[in-house]
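Heads up, the thing below is written out as structure tokens.
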Amino acid sequence: MILALLMLLVAAWGKNMEVEAGGGKWELLIGNIGISAMHMQLLNNDKVIIYDRTSFGLSNITLPDGKCRNNIKNESITHDCTAHSVEYDVVSNKIRALMVQTDTWCSSGSVYPDGSLSVTGGDGVGEDVVRIMGTCGGCDWREIEHGLSTRRWYSSNLFLPQGRQIVIGGRQRPSFEFYPKAKGEIGAYDFPFLRQTSDKHDENNLYPFVFLNVDGNLFIFANNRSILFDYKTRKVVRTYPDVPGGDPRNYPSTGSAVLLPLKNLEAGVVEAQVLVCGGAPRGSFDKSNAKRGKEFIRALDTCARISINDPNPQWALETMPMARVMNDMIMLPNGHVLLINGASNGTAGWENGREPVLHPVIYNPDSQRGQRFEVQNPTQIPRMYHSTAGLLRDGRVIVGGSNPHFKYVFDKVYYPTELSVEAFSPPYLEPEFARLRPVVVQPFSHSQFSYKQKTKIGFTVPGRVNLDLIKVTMLFPPFNTHSFSMNQRLMVLDKENVGIVGRGKYEVNVTTPGSPNLAPPGYYMLFVVHQNIPSEGVWMKIQ
Ligand SMILES: *[C@@H]1O[C@H](CO)[C@@H](O)[C@H](O)[C@H]1NC(C)=O
Ligand SMILES: *[C@@H]1O[C@H](CO)[C@@H](O)[C@H](O)[C@H]1NC(C)=O
Ligand SMILES: *[C@@H]1O[C@H](CO)[C@@H](O)[C@H](O)[C@H]1NC(C)=O
Ligand SMILES: *[C@@H]1O[C@H](CO)[C@@H](O)[C@H](O)[C@H]1NC(C)=O
Ligand SMILES: *[C@@H]1O[C@H](CO)[C@@H](O)[C@H](O)[C@H]1NC(C)=O
């Protein structure tokens with residue numbers, strides 16, 4: 001009897017101490033930003049660059065200073081004084097309209113080490129355009145005509161260790177290219193893998209999932225298959241098994257994927273694991289897209305995880321708490337993965353999704369199998385096709401968009417065009433954890449580091465500290481669209497002992513990643529994490 005009571009007490013106490021105990025909080029940031037957030041990128045000035053497409057028609061926000069686009073080519077209108085891109089300022093919670101000239105629809109991008117965003121491709125006259133957005137106060141888009149060698153629509157980008165991006169695939173483009181190009185480099189290189197993974201006319205292999213492996217090769221996933229690819233010699237160096245079950249995970253059977261946190265960075269072979277979640281059974285797109293007798297069948301409820309540098313890599317399946325398609329996967333500062341947005345029936349594409357999933361789910365990769373998922377509190381707003389999400393430096397996740405219609409449609413449809421942006425605060429931001437939360441005091445914002453540099457991280461914690469449960473993480477801010485966060489990459493830095501340097505003041509010496517293959521050059525957010533509670537991030541640059 002007493003033992004049972006004691007056990008109950010321990011269980012209750014354990015629950016209280018459980019950091020990801022399910023919860024989280026939603027807040028509406030702005031009810032109407034004027035456009036539907038289809039693409040999103042956080043810059044190192046804490047501004048989020050957001051854009052949809054110029055060919056949706058007139059948006060709900062006008063351009064400043066009487067600016068207009070006139071004699072627009074290949075769009076249904078010829079005169080447009082509305083904006084199709086905005087900058088969201090996290091600090092002031094305000095929007096600034098930006099001018100984009102060419103159609104950005106279903107484009108892709110990366111941030112460069114100078115902090116600017118480089119967006120490639122799109123549709124119509126924008127199909128081969130490169131667009132640059134800098135971090136200066138009043139910056140606007142600068143567009144480079146024919147910056148690409150060919151049309152890139154639904155491609156995936158990755159920022160490479162050599163300091164430029166690779167642009168992979170796109171509709172009817174089983175090829176890849178680099179931006180910018182080296183002197184004398186040809187336009188596009190053939191990429192048979194995308195031909196091999198194409199169902200019908202490029203179904204189920206668009207917006208492929210691309211990650212930089214720790215050996216410098218690319219892990220590329222499309223449909224139900226994946227390879228390790230040496231982009232320098234253009235050779236497939238490894239072919240992984242198909243995902244068990246064989247169902248597709250890429251557009252329009254859109255699931256998502258992350259490279260799980262990289263740690264023990266000074267080990268001989270750094271372990272790299274990829275997690276792919278959600279998608280839709282083969283045939284779903286045709287069923288939901290049928291002219292007659294449409295059917296919106298249940299999405300996949302599985303994730304598949306693989307250790308890509310294992311001698312004998314195998315996928316392990318896990319079951320999510322609910323089926324999900326068009327889900328985003330956002331890396332949180334503590335290395336947990338947030339699954340957010342999407343639907344439980346149908347696929348991506350116009351009008352093809354049903355039954356929005358309003359509950360985010362947090363996946364803890366370090367928990368026991370079977371105990372990794374934690375369902376969070378729901379939003380009220382469906383975020384279907386063309387919705388986005390991204391981590392902010394303060395640990396919140398900004399969520400926007402959703403427009404499964406060919407134009408802006410605000411009523412008499414299942415899922416009206418959504419112009420709002422919300423923020424989801426994971427449970428680690430709840431006030432009960434305030435005393436555990438570190439504050440970084442060193443390095444200062446925008447400090448620069450070299451590779452394999454030993455550096456001191458100073459921080460304070462208001463409450464009692466468990467020195468063993470301190471870690472320092474570094475996260476590359478990803479480009480998000482169509483449920484995939486390109487360039488998303490989190491590293492847990494190798495550390496020495498944590499030292500107490502004063503009342504509530506601590507320091508830990510860490511070593512920055514050893515090479516650009518581990519951490520491509522550029523700005524990262526650095527976090528000190530204590531018992532899974534992250535500090536606010538500090539921008540740092542590695543080069
Ligand atoms: C957007 O603008 C259209 C046309 O002006 C208007 O009908 C609609 O109500 C606006 N929608 C929102 C959500 O403000
Ligand atoms: C734009 O429209 C013109 C005239 O209809 C057509 O010739 C051209 O191919 C189109 N260009 C693109 C990029 O769609
Ligand atoms: C993977 O998809 C292809 C079609 O693209 C299919 O032929 C193959 O059987 C699938 N793999 C498995 C294991 O089902
Ligand atoms: C979603 O899928 C389930 C299971 O297949 C089905 O029972 C349900 O009717 C579907 N919902 C819609 C809206 O089609
Ligand atoms: C961190 O490194 C510095 C320089 O080597 C050293 O003085 C300091 O004691 C180290 N701090 C801890 C906590 O080990």
Side-chain angles (χ1 to χ4, degrees), residues 169 174 192-206 208-209 220-227 239-253 255 276 278-290 293-302 304 306 313-317 322-326 342-347 351-358 382 384-385 404 413-415 438 441-443 449 452-461 465 467-468 470-472 493-502 505-512 528:
F193 177 67
L194 288 179
R195 217 174 284 118
Q196 291 150 10
T197 50
S198 161
D199 292 345
K200 294 199 204 155
H201 327 283
D202 10 71
E203 246 175 58
N204 298 332
N205 70 346
L206 294 176
F209 306 140
I220 305 178
F221 183 105
N223 199 329
N224 57 12
R225 296 181 49 193
S226 46
I227 55 170
T239 300
Y240 296 92
D242 287 11
V243 172
D247 283 312
R249 311 272 179 170
N250 293 86
Y251 182 92
S253 299
V276 178
R282 200 170 297 283
S284 290
F285 179 67
D286 287 347
K287 286 181 178 142
S288 59
N289 220 20
K294 280 182 191 296
E295 246 191 295
F296 304 92
I297 66 171
R298 194 65 95 207
L300 301 180
D301 67 354
T302 54
I306 194 169
Q314 296 296 329
W315 291 99
L317 284 188
M322 69 278 277
R324 215 160 188 145
V325 62
M326 298 182 278
S344 65
N345 284 52
T347 65
E351 320 292 341
N352 289 348
R354 288 292 183 279
E355 304 203 5
V357 181
L358 302 175
M384 309 290 280
Y385 186 42
V413 286
Y414 277 119
Y415 310 109
V441 295
Q442 192 189 345
F449 296 91
K452 215 179 174 91
Q453 182 184 339
K454 192 171 142 178
T455 181
K456 189 165 81 186
I457 308 294
F459 60 97
T460 61
V461 179
V465 174
L467 297 181
D468 295 331
I470 293 283
K471 60 183 179 186
V472 178
L493 299 187
D494 291 345
K495 65 166 192 189
E496 292 166 16
N497 293 338
V498 182
I500 305 173
V501 294
K505 292 184 185 146
Y506 309 87
E507 68 176 38
V508 55
N509 287 328
V510 297
T511 307
T512 61
V528 173

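This structure is a prediction, so every number in the text was calculated from the model and none was measured. Atoms within each ligand, like the ligands themselves, are counted from 1 in listed order.
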Identity and separation of the nearest protein heavy atom to [atom]:
atom                    : result
atom 14 (O) of ligand 5 : Asn509 ND2, 3.6 Å
atom 11 (N) of ligand 3 : Asp242 OD2, 2.7 Å
atom 13 (C) of ligand 4 : Glu355 OE2, 3.4 Å
atom 6 (C) of ligand 3  : Asn224 ND2, 4.2 Å
atom 8 (C) of ligand 5  : Glu507 OE2, 3.6 Å

Any donor-acceptor N or O pair under 3.5 Å, side chains Thr511, Asp494: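 Judged by distance alone, the side chains do not pair up.
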Heavy atom of protein closer than 4.0 angstrom to atom 4 (C) of ligand 5: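 False for atom 4 (C) of ligand 5.
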Nearest non-hydrogen partners of Leu300 and Pro281, listed with the distance: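 Minimum heavy-atom contact is CD2-N, 3.7 Å.
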Any N/O pair Lys456/ligand 5 closer than 3.5 Å: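 No, no N or O pair falls under 3.5 Å.
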Close-contact set for ligand 5 against Asn497 heavy atoms, below 4.0 Å: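 In order of numbering, the contacting atoms are 13 (C).
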Gly499: numbered ligand 5 atoms lying under 4.0 Å from its heavy atoms: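 Taking each heavy atom of Gly499 in turn, ligand 5 has 13 (C) under 4.0 Å.
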Nitrogen or oxygen atoms of Asn345 and ligand 4 under 3.5 Å apart: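 N/O-N/O distance below 3.5 Å exists for this pair.
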Ligand 3 contact on Arg282 by region, counting heavy-atom pairs under 4.0 Å: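 Contact part for Arg282 vs ligand 3: side chain (C-beta onward).
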Heteroatom proximity flag, Asn223 to ligand 3, N/O under 3.5 Å: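 Min N/O separation from ligand 3 is below 3.5 Å for Asn223.
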Glu295 and ligand 4 - part of the residue with a heavy-atom distance under 4.0 Å: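 Neither part.
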